[in-house]
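Comments concern the structure below.
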Amino acid sequence: MNRYIKIFINYFLGPLLFIILSWSLYRQIVNQPDLENRWNEIKDSWLNWKFWVVIGLMFVNWGIESRKWQLLIGNIQKFSFLKAFKSVLSGCSVTMLTPNRVGEYGGRILYVENEHRLKAISLTIVGSISQLLVTMIMGCFGLIFLRFFSQSNSNALNVLPDFWSNVLIYLSVAFTVFLLLFYLRLGWLVRMMEKVPALQRVVKHISVLDEFDSKELLHVLFLSFLRFLVFVLQYVLLLQVMHVGIQGWLCFWLMTVFYLVMAVAPTLGFIELPVRAKASWEILKFYTNNELGVGAAALGIWLINLVIPAIIGSLLIFSIKIVKEKNEQNN
């Protein structure tokens with residue numbers, strides 16, 4: 001690699017990422033409708049103990065994700081929890097610039113030794129699939145609850161005819177079952193690809209997936225479930241702080257559907273806020289008329305769970321020497 005390219009990657013990529021991310025986030029925030037009123041709602045919430053619980057749960061959220069990453073990457077390189085935490089936050093900063101946050105591996109692999117970085121990408125995908133799978137499972141339960149068990153006369157699924165509501169549920173369940181079987185049979189995928197000569201170079205980098213047994217995969221899935229519960233609880237608490245006025249148990253199931261929608265909707269991290277605000281209101285408007293509170297909660301969760309970690313992660317990238325010189329690699 002050209003020496004000047006190495007200098008740019010090592011010393012200018014981090015600051016450039018921070019500037020782009022900060023400017024993009026600033027534009028997103030200032031262009032929000034009713035920004036002043038929403039921000040006043042958030043400031044008023046600082047006096048409520050539930051708001052500070054939401055802040056504390058941010059660290060629990062990313063702590064669980066860090067532990068999950070530590071377990072996954074441990075198959076190729078030993079990580080301390082602190083290193084895994086830094087890696088996850090760095091990945092969060094990169095995901096803000098990629099569709100549906102698929103680029104998290106771009107930040108995480110910066111902490112992985114050069115010879116393991118391609119393998120680490122496949123491990124990152126395993127973690128993402130486990131989180132998507134939990135979101136799909138809980139979202140399906142949420143859809144079923146709203147369709148068949150909700151006692152409210154104004155059901156969020158009533159906007160669709162019964163036939164299409166059922167089709168939506170059946171398709172969601174079918175995809176979830178397929179994803180679950182795929183997740184638990186990752187080794188089978190590797191063995192199938194090994195039979196195709198043209199894919200041998202790819203197999204070399206994903207063969208680490210064949211080392212996971214069902215117990216390890218279920219452990220990762222359990223951590224993903226815990227993390228899902230955490231960020232649903234955060235949203236429920238913040239909605240209560242904003243006086244949205246929806247019962248906690250009902251709000252929980254509504255949020256499972258919200259996160260299902262966000263998982264399948266095409267979004268870009270730093271312009272995701274309008275989509276989040278719109279999706280949350282479309283789901284919750286059948287149960288509350290407090291649109292300002294719903295919008296303020298969407299803004300608050302976006303800032304707490306995505307923006308703050310992303311900014312911290314972009315600052316952490318400053319300290320990483322991404323491309324090492326050959327003589328360093330040989331020592």
Side-chain angles (χ1 to χ4, degrees), residues 32-35 37-45 47-51 53-55 57 61 134-173 176 225 227-265 267 272-306:
Q32 284 303 296
D34 295 325
L35 175 61
N37 292 331
R38 292 184 183 184
W39 182 244
N40 286 333
E41 285 273 336
I42 293 175
K43 286 195 296 183
D44 291 341
S45 71
L47 300 177
N48 192 314
W49 64 269
K50 292 180 180 179
F51 176 81
V53 172
V54 173
I55 296 292
L57 287 174
N61 175 10
V134 169
T135 303
M136 294 296 301
I137 292 173
M138 296 303 294
C140 286
F141 279 124
L143 288 173
I144 293 170
F145 171 81
L146 293 177
R147 176 70 178 88
F148 299 107
F149 301 103
S150 176
Q151 299 301 313
S152 174
N153 292 325
S154 55
N155 191 296
L157 293 184
N158 281 347
V159 295
L160 296 174
D162 288 348
F163 172 78
W164 289 111
S165 295
N166 292 336
V167 168
L168 175 63
I169 293 173
Y170 295 147
L171 288 177
S172 299
V173 171
T176 301
F225 174 68
R227 185 175 177 229
F228 181 85
L229 292 181
V230 168
F231 51 67
V232 168
L233 178 59
Q234 284 180 292
Y235 220 132
V236 172
L237 289 175
L238 202 53
L239 286 169
Q240 291 177 351
V241 170
M242 301 302 171
H243 308 292
V244 171
I246 303 176
Q247 290 179 300
W249 60 271
L250 176 59
C251 196
F252 174 86
W253 291 114
L254 290 170
M255 286 300 99
T256 64
V257 175
F258 165 76
Y259 280 113
L260 173 63
V261 171
M262 292 305 301
V264 299
T267 58
E272 185 182 283
L273 181 55
V275 180
R276 279 177 162 263
K278 179 68 174 177
S280 60
W281 175 242
E282 288 301 316
I283 293 172
L284 298 177
K285 68 180 181 181
F286 298 96
Y287 306 91
T288 181
N289 58 6
N290 187 359
E291 184 175 1
L292 178 61
V294 172
L299 174 61
I301 288 294
W302 185 70
L303 290 172
I304 293 168
N305 276 356
L306 294 176

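Under the 4.5 Å side-chain criterion, counting only non-hydrogen atoms from C-beta, Thr135 is not in contact with Val261. The shortest side-chain heavy-atom distance between Tyr287 and Leu254 falls under the 4.5 Å cut-off. Two residues are said to be in side-chain contact when any heavy atoms from C-beta on lie closer than 4.5 Å; Tyr259 and Met138 fail this criterion. With a 4.5 Å cut-off on side-chain heavy atoms, Val232 and Phe258 do not count as touching. Inter-residue side-chain proximity for Ile246 and Phe286 is flagged as unmet; no heavy-atom pair is nearer than 4.5 Å. Using a 4.5 Å cut-off on side-chain heavy atoms (C-beta onward), Lys50 and Leu238 make no contact.
Once rounded to the nearest 0.5 Å, the distance linking CG of Leu260 with CG of Leu168 reads 7.5 Å. Expressed to the nearest 0.5 Å, how far CD1 of Ile283 lies from CH2 of Trp253 amounts to 14.5 Å. Between atom CD1 of residue Ile169 and atom CD1 of residue Ile144 there is a gap of 6.0 Å, rounded to the nearest 0.5 Å. Here the CZ atom belonging to Phe252 is positioned 9.0 Å from the CG atom belonging to Leu233, to the nearest 0.5 angstrom.
For Phe225, the CZ atom sits in a loose shell: 12 or fewer heavy atoms of surrounding residues, nucleotides or ligands are nearer than 6.0 Å.
The two atoms that bring Gln234 and Val54 nearest to each other are NE2-O, 3.0 Å, heavy atoms only. The two residues Gln240 and Gly248 have their closest heavy-atom pair at NE2-CA, 4.1 Å. Of all heavy-atom pairs spanning Leu239 and Cys251, the tightest one is CD1-SG, 3.3 Å. Contact between Val264 and Met136 at its shortest, heavy atoms only, is CG1-SD, 4.4 Å. Between Ser45 and Val241, the shortest heavy-atom contact is CB-CG1, 3.0 Å. When every heavy atom of Arg276 is checked against every heavy atom of Ile301, the shortest pair comes out as NH1-CG2, 3.8 Å.
The salt bridge (charged side-chain N to carboxylate O under 4.0 Å, His left out) check on Lys278 picks up Glu282, with sequence neighbours excluded.
Between the side chain of Thr288 and the backbone N or O of Lys285 there is no donor-acceptor pair closer than 3.5 Å.
Taking the six-membered ring where the residue is Trp, the centroids of Phe145 and Phe148 are separated by 6.0 Å or more.
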Next on the checklist: Is there a side-chain contact (heavy atoms from CB on, under 4.5 Å) between Met255 and Leu284? Walk through the geometry before answering.
Outcome noted: CA-CA 9 Å; Met255 286 300 99; Leu284 298 177; 3.9 Å; yes

Contacts under 3.5 angstrom, residues 291-298 side chains, donor-acceptor by atom type, not counting sequence neighbours:
none

